[in-house]
Student: 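Before I ask anything, here is the structure I am working with.
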Amino acid sequence: MSFRPPKGTDDILPPDSRRWRRVLRAFDDLAERFGYDLIVYPVFDSTEIFARGVGEGTDVVQKEMYTFKDRGGRSITLRPEATASVVRAYLASGSQIPMKLAYAGPMFRYERPQAGRRRQFWQVGVEYLGEDSPQADVEVIELGYRFYQTIGLEGLEVQVNSLGDPTSRAAHRGALTEFLEGIRSHLSEDSRTRIETNPLRVLDSKEDHSKLQGAPLPAEFLSDESVEHYAAVKQGLQQASIPFVENPRLVRGLDYYTRTVFEYVATRLDVAQNAVGGGGRYDQLAEVLGGRHVPAVGFSLGIDRIVLALGEEAGLRPALDAFIIVADEQRRQAAVGLVRELRARHLRADMEPGPRSVKAQFKSADRRQALYAIVVGDEWDDGEVTIRDLDKGEEVRVARERISTYLRIGGEAE
RNA sequence: GUGGCUGUAGCUCAGUUGGUUAGAGCGCCGGGUUGUGGUCCCGGAGGUCGCGGGUUCGAGUCCCGUCAGCCACCCCA
């Protein structure tokens, strides 16, 4: 019997999980402030949704999906990404648009695990459905950017590009295919098969990067409307003071993107895992799934990689505000009452549930990483407790009714 | 799917040209007396050296196989 989690999965426990909690909370809070409602939807969905939505030619669909038959003979796939399912859920609901949705949860891709690449990984994201305006693109990109700012991720780069609308994409694809055929014999085997399946992907191949000088880029084929849209997005980003760089070769790996695409790159991580988030506009996806025309834009951010990029030094605050210590068992009920009261006042408080020596209780307080230990003993009869700052080692007597205030202000006003 | 690296205590690792009872740090448990942790001191528990086979008088150390983990390519978050 092995207790290891399955290949490519991780158990996230304290103290790491505290970092996760902080990041997830920050996202939830920010998305809510930007007006995004929560969407909760299945972790698995019909295989067809992903095959059609993400694109038959993509690596994700061709070799990375967890697909199986359920007991009813249906082909089921664990979601490898969010957007296709979210659009499916929206179409199923018949809700009004525009609609702004945020999600968080695990995604699954069957890959060889390595740093920052797991078979189960968490993404948070938003989808702005039913909105065509470049302002929506800007808002989405800004939300992601503010999120990274909020959690204190340093060295973040925002890359943007435009892939154009279906017409210009087709024109570009034709020209690119022709170009690639011309240099076919110089390309890697992977790139060669992609000439037929997904020529766009060859553009950001690391392997053949040097051979692609002069290859036609999406930007050269944009329609007037797409040029205008892209210009408006860039202008909006400037007005929002969001630093960005244009990357004309940025194409993204999922087929549904049109016009704006963007990526958040953590420059402090190795290239292998420095894409910590990405997204774009997907105006045709709803139709591809069999619905009506619903222009939309969204992103998803990789929590595992973000936590990786934050690193150890991103300071975590202590886990508890106060650990209550029962100096003698007669006063246990008073201590229990105090814990209850502090918790009701939104302070993080805890205590030992059974009798233990004062020494052992202090040890627990320390182990639990409490900011303060509060001793409930003889002084309780005088209406006071002893509060010990576990970091500084200093102690003061504080009136019972002033405890929560004292914990909040850290005794500074004393 | 391809390539590289690594498997020794709960964790991180050291183990000399193969040679007696396999070590350290951290962690864990107990103690340094009675209401004080973390720091300091003392003591203790804990390992079929991933697994299987081979070479040898003798293997943690060499060889083969196997399993597992890590990292990279590819791709992506």
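Order of the sequence lines sets the chain letters (A, B, ...), proteins ahead of strands, with each chain counted from 1.
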Student: State whether the distance check finds a donor on one side and an acceptor on the other, under 3.5 Å, for side chain E395(A) versus base U36(B).
Tutor: yes
Student: Taking the cut-offs as 6.0 angstrom to the six-membered ring centre and 45 degrees off its axis, would you call R305(A) and F121(A) a cation-pi pair?
Tutor: no
Student: For the side chain of R388(A), starting at C-beta, report the closest nucleotide among U36(B), A77(B), G38(B).
Tutor: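 Looking only at side-chain atoms, R388(A) lies closest to U36(B).
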Student: Nucleotides 69-71 of chain B: which of its N/O atoms have a protein N/O under 3.5 Å away?
Tutor:
from: G69(B); atom 1: OP2; to: K7(A); atom 2: NZ; distance (Å): 3.2
from: C71(B); atom 1: OP2; to: A115(A); atom 2: N; distance (Å): 3.1

Student: Quick one: which residue pairs count as a ring-ring contact (aromatic ring centres under 6.0 Å, His included) with a foot in residues 144-174 of chain A, not counting sequence neighbours?
Tutor: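 Listed once each, the pairs are F27(A)-F147(A), Y148(A)-Y264(A), H172(A)-F221(A).
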Student: What integer number of Å spans the C1' atoms of G19(B) and A24(B)?
Tutor: 22 Å
Student: Any donor-acceptor pair under 3.5 Å between the side chain of Q369(A) and the base of G37(B)?
Tutor: no
Student: On RNA chain B, check which nucleotide each of D304(A) and E379(A) is closest to and give me the residue with the more 5' one.
Tutor: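 Its nearest nucleotide being more 5', the pick is E379(A).
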Student: For RNA chain B, what string of dots and brackets results from 5' to 3' when Watson-Crick and G-U pairs need both distances under 3.5 Å, crossing pairs get [ ], and pairs with another strand get |?
Tutor: (((((((..((((.....[...)))).(((((.......))))).....(((((..]....))))))))))))....
Student: My understanding is that only residues two or more places apart in sequence, or in another chain, count here; which of them pass ring-ring contact (aromatic ring centres under 6.0 Å, His included) with F44(A)?
Tutor: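 For F44(A), no residue satisfies ring-ring contact (aromatic ring centres under 6.0 Å, His included) once neighbours in sequence are set aside.
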Student: What residues form a side-chain contact (heavy atoms from CB on, under 4.5 Å) with P5(A), not counting sequence neighbours?
Tutor: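 P5(A) satisfies side-chain contact (heavy atoms from CB on, under 4.5 Å) with T9(A), D11(A) only.
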Student: Here's a test for you: under side-chain contact (heavy atoms from CB on, under 4.5 Å), which of T83(A), V288(A), D283(A), T58(A) qualifies with Y256(A)?
Tutor: T83(A)
Student: Classify D328(A) by what it touches in the nucleic acid, base, sugar-phosphate, or nothing, heavy-atom distance under 4.0 Å.
Tutor: nothing
Student: Dump every N/O contact between nucleotides 26-34 of chain B and the protein below 3.5 Å, one line per pair.
Tutor:
from: C28(B); atom 1: OP1; to: R367(A); atom 2: NH1; distance (Å): 2.9

Student: 5'-most contact on RNA chain B: F121(A) or A360(A), nearest heavy atom basis?
Tutor: A360(A)
